[in-house]
Amino acid sequence: MVPPVVVSPVIKTARWSFLLIGMFYGKQRYDYLKPRAEEERRVEEAEKKIREEQEKIAKALAEASEDTILK
């Protein structure tokens, strides 16, 4: 078995630094995007309610036009 390679302290420090910077960036990005996503979900939910109501009305009108005595 080959002995492990000694990694330079500069490389180790750079790896840890980039890991911590990435975690910090990820947290900031999440905090930035979370309110936008919540707003999009709220708008989509409102649009979905309106769309479902319109579908109910269209279905009721279609059923009402089918069930006429004047066929």
Hydrophobic clusters join Ile, Leu, Val, Met, Phe, Trp and Tyr when side-chain heavy atoms are under 4.5 Å apart, directly or via other members; which others share one with I11?
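Once heavy-atom contacts under 4.5 Å are chained together, I11 belongs with V7.
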Taking only residues two or more places apart in sequence, or in another chain, which ones meet E45 in a salt bridge (Lys or Arg N to Asp or Glu O under 4.0 Å)?
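Partners of E45 by the salt bridge (Lys or Arg N to Asp or Glu O under 4.0 Å) criterion, ordered by chain and then number, come out as K49.
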According to salt bridge (Lys or Arg N to Asp or Glu O under 4.0 Å), who are the partners of E55, at least two apart in sequence or on a separate chain?
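For E55 there are no salt bridge (Lys or Arg N to Asp or Glu O under 4.0 Å) partners, ignoring immediate neighbours.
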Can you name the one residue among E47, E52, Q54 that meets side-chain contact (heavy atoms from CB on, under 4.5 Å) with I50?
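By the side-chain contact (heavy atoms from CB on, under 4.5 Å) criterion, I50 pairs with just one of E47, E52, Q54: Q54.
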Determine whether M23 and W16 fall in the same hydrophobic cluster, where Ile, Leu, Val, Met, Phe, Trp and Tyr are linked whenever their side-chain heavy atoms lie under 4.5 Å apart.
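Yes, M23 connects to W16 through the hydrophobic network.
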Sequence neighbours left out, what pairs pass side-chain hydrogen bond (donor to acceptor under 3.5 Å, both in side chains) with at least one residue falling in residues 3-15?
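Of all non-adjacent pairs touching residues 3-15, none passes side-chain hydrogen bond (donor to acceptor under 3.5 Å, both in side chains).
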Pairs in or reaching into residues 18-29: which pass side-chain hydrogen bond (donor to acceptor under 3.5 Å, both in side chains), with residues at least two apart or in two chains?
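Sorted pair list: K27-D31.
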For E53, check side chain to side chain contact (heavy atoms under 4.5 Å, CB included) against everything at least two apart and list the hits.
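E53 satisfies side chain to side chain contact (heavy atoms under 4.5 Å, CB included) with K56, I57 once adjacent residues are dropped.
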Let me check something: any side-chain donor-acceptor pairs from residues 35-42 under 3.5 Å, sequence neighbours excluded? List them with distances.
from: R36; atom 1: NH2; to: Y32; atom 2: OH; distance (Å): 2.6
from: E39; atom 1: OE1; to: R42; atom 2: NE; distance (Å): 3.4
from: E39; atom 1: OE1; to: R42; atom 2: NH2; distance (Å): 3.4
from: E39; atom 1: OE2; to: R42; atom 2: NH2; distance (Å): 2.5

Is it true that E44 and R51 have a side-chain N and a carboxylate O under 4.0 angstrom from each other?
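Looking at R51 together with E44, the answer is yes, because their closest N to O distance falls below 4.0 Å.
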